[in-house]
Protein chains: 2
Amino acid sequence: MRNNSVTRQTLADQVFERIVDAIVVGDIKAGSPLSENEIAVRFNVSRGPAREAIFRLEAKGLATRVAHFGARVVDLSLDDLRSLFELREALECMACRLAAERISDAEVAVLEDCLRGHAERPEVVAGQSYYQPGGDQDFHFAIARASHNQRLFRALSDNIYDVMRPYRFRSSQTPGRAIEALKEHRAVVEALRSRDPAKAEAAMRAHIRSSWLNTQSAFQKAERS
Amino acid sequence: MRNNSVTRQTLADQVFERIVDAIVVGDIKAGSPLSENEIAVRFNVSRGPAREAIFRLEAKGLATRVAHFGARVVDLSLDDLRSLFELREALECMACRLAAERISDAEVAVLEDCLRGHAERPEVVAGQSYYQPGGDQDFHFAIARASHNQRLFRALSDNIYDVMRPYRFRSSQTPGRAIEALKEHRAVVEALRSRDPAKAEAAMRAHIRSSWLNTQSAFQKAERS
DNA sequence: TGATCGTAAACTGTAGACAGTATACGACAT
DNA sequence: ATGTCGTATACTGTCTACAGTTTACGATCA
């Protein structure tokens, strides 16, 4: 039972989480139709929980719905991705600035552990791509948490990271990006350690824009093939 | 025969909108419990659409739900409001910066119309509070739209403005705030007209922080009474 | 009198059936 | 052959009924 949380999960919760996983991992492809009936049959529940799960996918930004027609998994264009990166820049730069004002020594230590863990990864040592699912994810989560702003944290974790993950995965193979990203992460942590909000925000902005350039070129490359 | 809207609304849509209005206007007070049955009876629908409406209220940030227990209208503390203002600052400053890069002449004209409309309001002329429901709302909507970033626009319109509105209404009575706000708005438009992103972002940040200080003191004053 | 346990009531969660709507396909007319 | 209309089908939207859970209240016992 991985159901050790305080309140017992409802069927809708379970279906929702499993669909999110399936989308993020790639088992359900972008643009796929999401039929209430199909989901209900697939997970052995009635249409109620299936329908509810789809609503929550829509709220999360992973699906689009049209009344009386149905829902589909979002299929982001390059423009959509640009919009998403702009949104992420707004949220995460603010989170980083607030974190510089409010972060505790223990939270700084967590970030430094993250960096150490990343530096030891074989991909980094070999100079290849360093992004593994959940890898720098932890890093960004820790910063969002250190902002001590619950709404900001939830906006990032619920509505940004999971939506971007399938597309970041595609673009994480660029050679050399691993070490570059690690350097940028170090700059962010350094600014946070010295509690310099302006520097922290600037370092995060530089990191996200660099990540966008990388994602953009990978996206265009993938489209040509 | 078609309904006069593009796609015919579902019952859940209607119930949702009516509850949002009731909360924003103040007919349903902050902290009130939202019973599925009660809503269903009140709007002459079954529990299905009522339940769906509550889900959407939760996604919007206007209600909180606990499984097997129920939902309540959010009741924001001062700390919650601070978090919300920080989130708003992040989103709206980004929107303003992007708007400075992308705004059309027609969109600038709309903003200038907004300012003219505000300046002519009797409250402003009399030096009283200038905020009327929907008044500067239009202004901020126009800027969000001028960012030409759909996700940013929706985050602001769906998840920020409606949640804040009940609390901004309380705090809009401060004498002299009307003219101050109008000045700040003019500074924003001036920066947008000259397509200066940094200046536009700074002007918006100043406006939001000023608005926060005003809201904060009004909140504390209201609590003491 | 106080605390604890058990029962009942009220609510949410889930299932299944019915109703309404949009799309797709085929028949018909031009 | 092509365009249009009508019907059929499959899907979502809605309703009702039932099951499960949580809270609250009252009875019982120390």
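Worth saying up front: this structure is predicted, and the values here are computed from it rather than measured. To find a chain, count down the sequence lines: A is the first, B the second, and so on, and within it residues start at 1.
- For the pair B:Leu11 CG and C:dA19 P, the computed distance is 16 Å after rounding to whole Å.
- For the 3.5 Å distance criterion, the side chains of A:Ser211 and A:Asn214 fail to qualify, holding no donor opposite an acceptor.
- Of the candidate nucleotides D:dT12, D:dT23, C:dT14, D:dT23 has the atom lying nearest to any side-chain atom of B:Phe69.
- Between the P atom of C:dG13 and the CD atom of B:Glu52 lies a distance of 14 Å, rounded to the nearest Å.
- The existence of a salt bridge linking A:Glu17 and A:Arg56 is excluded, since no basic side-chain nitrogen approaches an acidic carboxylate oxygen closer than 4.0 Å.
- Between B:Glu107 and B:Arg145 there is no salt bridge, since no side-chain N of the basic residue sits under 4.0 Å from a carboxylate O of the acidic one.
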Stepwise salt bridge (Lys or Arg N to Asp or Glu O under 4.0 Å) test for B:Asp105 and B:Arg195: CA-CA 11 Å; B:Asp105 290 340; B:Arg195 269 78 176 177; 3.0 Å; yes
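- Rounded to whole Å, atom C1' of C:dT12 lies 14 Å from atom CG of B:Leu34.
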Protein-nucleotides 6-9 of chain C N/O pairs closer than 3.5 Å?
none

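- Between the side chains of B:Thr10 and B:Asp13, at least one donor-acceptor pair of N or O atoms lies under 3.5 Å.
- Applying the side chain to side chain donor-acceptor pair (under 3.5 Å) rule to B:Asn159 yields no partners; only residues at least two apart in sequence or on another chain are considered.
- If you take NE2 of B:His68 and P of C:dT12, they are 11 Å apart, rounded to a whole angstrom.
- Atom CG of B:Asp13 is separated from atom C1' of C:dT21 by 15 Å (rounded to the nearest Å).
- The stretch residues 36-47 of chain A touches DNA chain C through A:Val45, A:Ser46, A:Arg47, each having a heavy atom under 4.0 angstrom from the strand.
- Among the protein residues, A:Gly48 comes within range of no part of the nucleic acid, since none of its heavy atoms lies under 4.0 Å from any strand.
- In this structure, A:Arg65 reaches the D:dG13 phosphate: one of its side-chain N or O atoms is under 4.0 Å from OP1 or OP2.
- Under 4.0 Å is where a charged nitrogen must lie from a carboxylate oxygen, and between A:Glu86 and A:Arg82 no such pair does.
- In the set D:dT12, C:dG13, D:dC15, C:dG13 carries the atom at the smallest distance from any side-chain atom of A:Thr10.
- Between A:Arg116 and A:Asp113 there is a salt bridge, since at least one side-chain N of the basic residue sits less than 4.0 Å from a carboxylate O of the acidic one.
- As a whole-Å value, the separation of A:Ile54 CD1 from D:dC11 P is 12 Å.
- Going from atom CZ of A:Arg72 over to atom C1' of D:dT12 covers 15 Å, rounded to whole Å.
- Ring geometry, B:His140 versus B:His185: the interplanar angle exceeds 60°, so the pair is classed perpendicular (tilted spans 30 to 60°).
- Atom CD in A:Gln9 sits roughly 16 Å away from atom C1' in D:dT21 (whole-Å rounding).
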